[in-house]
Amino acid sequence: MTTVIEHCAIATVDAVDTEYSDGHLVITGDRIAAVGPGPAPRDLPDDGTPPRRIDASGALATPGLINTHHHFYQWLTRGLAQNAHLFDWLVALYPTWSRIDERMVHAAARASLAMMARGGVTAAADHHYIFPRGTGDLLGAEIEAAREIGVRFTAARGSMDLGTSDGGLPPDFAVESIDDALAATEAAIDTHHDPGFSSMLRIAVAPCSPFSVSTDLMRRSAELARAKGVRLHTHGSETVEEEKFCHERFGMGPTDYFAETGWLGEDVWMAHCVHMSDDDVAAFARTGTGVAHCPSSNARLAAGIARVPDLLAAGVPVGLGVDGTASNESGELHTELRNSLLVARLGPHREAALTARQALRLGTHGGARVLGRGAETGSLEPGKLADVVLWQLDGLGHSTIADPVAALVLGPPAPVTLSLVGGRPVVESGRLLTADERDIARTARAEARRLAESS
């Protein structure tokens, strides 16, 4: 089916940030066929089906937002450990998280994905690393939820093997053996990974962090990912406590440790990357290692201010992440556009740190690059996937901001008039089309209570 969107402002987020104050998009099947100024051509190819024409007056069209880091299961434990830094927060919550099961994960994933989709997310990555024994197919529960909601999904199959008895943070009953973790990760790739251009599902190899994973698992995970041709993901340089841990345990900082274990490269992206030296930034730039920037979570856990302006200036791929909703209770990515700009301006670059357009690029094309999908999505260009969001900007919250990109980034959260994933409507007039929001909320609440009662 052909969809024609007209009379809207358009921010393409292409290589030169082409924008139209009044433009059109033509979508055929799952691809963008045309984008340009003024109304769409009237002589569109006739396939026998009349095109759907949308008058998008008062709206801004952008690429769909791309979330590069999340922990869906944490939807069930929001609002806890409110005044803790990362290590204390993890120690407080690991015992509860270690009791999750398949039903809980499915409910949490549906809620997390629905919340993001309603806010303009068309592609999301989730880092799931807790797999209690005998609790069902937790990764499969996430995959089914993403299929139901209709969002492109990168399932980062995580792992932990370094329990407290071995000097790690997670309790021993929350970790896997190295062989079990690697076997399950390989099975997930073989069963689910789709490398195709229009793929709705990809798998990444994702041991959790230097303080919950052994060096052997780090190295063997990198070898597995490269043998299978998939991407690698982990947490890195998030806090001063992590840096101290790495120096005490490995005799080097996190970035040097990642280099030592094969974890720098164009097929790798790291979450957070707050505490980085000039040499660390240069290493990421030299190797093409990507960063998932999570400003709200970094603030919530008092981790610090990431050097995003310096990373961008060096050429490091940077996208945005919601992070788990136990450290970013809003669960939304579009608020991270604003927060990324505001938090960056608290740093040494002050008002020159980030612009509104750079923030939008972080949430779209930057995220696509980080997930290895820059050729397929992340900008509005002919031939790319039709992952498109229309933001309504003529209402009370935005109508007096003349610059539509500034209205989206600096104004209050904008209503989503339409969100398309591969040309398929997922949200329309602010309403999720693919699932019942009330049922999602009701089920998630019940599963959160069940988890709390089991702890």
Do R99 and W97 form a cation-pi contact, if we require the NZ or CZ to be under 6.0 Å from the six-membered ring centre and within 45 degrees of the ring's axis? no
Sequence neighbours left out, what pairs pass side chain to side chain donor-acceptor pair (under 3.5 Å) with at least one residue falling in residues 299-316?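 Passing the test, one end in residues 299-316: D278-R307, R300-E329, R307-D310, D310-H349.
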Using side chain to side chain contact (heavy atoms under 4.5 Å, CB included) as the criterion, list what pairs up with [X], not counting sequence neighbours.
X: I305; value: V343, L346
X: D14; value: T12, V16, T18, E381
X: R249; value: L162, F245
X: M252; value: F250, D256, Y257, E260

Applying ring-ring contact (aromatic ring centres under 6.0 Å, His included), can you list everything that pairs with [X], at least two apart in sequence or on another chain?
X: F153; value: F72
X: H128; value: Y73, F131
X: H235; value: H69, H71, H127, H272

Set of side chain to side chain donor-acceptor pair (under 3.5 Å) partners for [X], sequence neighbours left out:
X: E102; result: none
X: R103; result: E447
X: S159; result: none

If you look only at pairs with a residue in residues 287-323, which of them pass as a ring pair (Phe, Tyr, Trp, His ring centres under 6.0 Å), with sequence neighbours excluded? none
Atom pair CE (M200) and CD1 (I143), whose distance is rounded to the nearest 0.5 Å: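 If I round to the nearest 0.5 Å, the distance is 12.5 Å.
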Minimum side-chain heavy-atom gap N328-C294 below 4.5 Å: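 The answer is no; the side chains never approach within 4.5 Å.
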Side chains of F258 and V268: does their closest heavy-atom pair fall under 4.5 Å? no
Using atom types as modelled and distance alone, determine if a side-chain donor or acceptor of R157 lies under 3.5 Å from a backbone N or O of L182.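 No; judged by distance alone, with no hydrogens or angles, the pair does not exist.
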Backbone N/O of E336 and side chain of N339: donor-acceptor pair under 3.5 Å: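 A pair under 3.5 Å: no.
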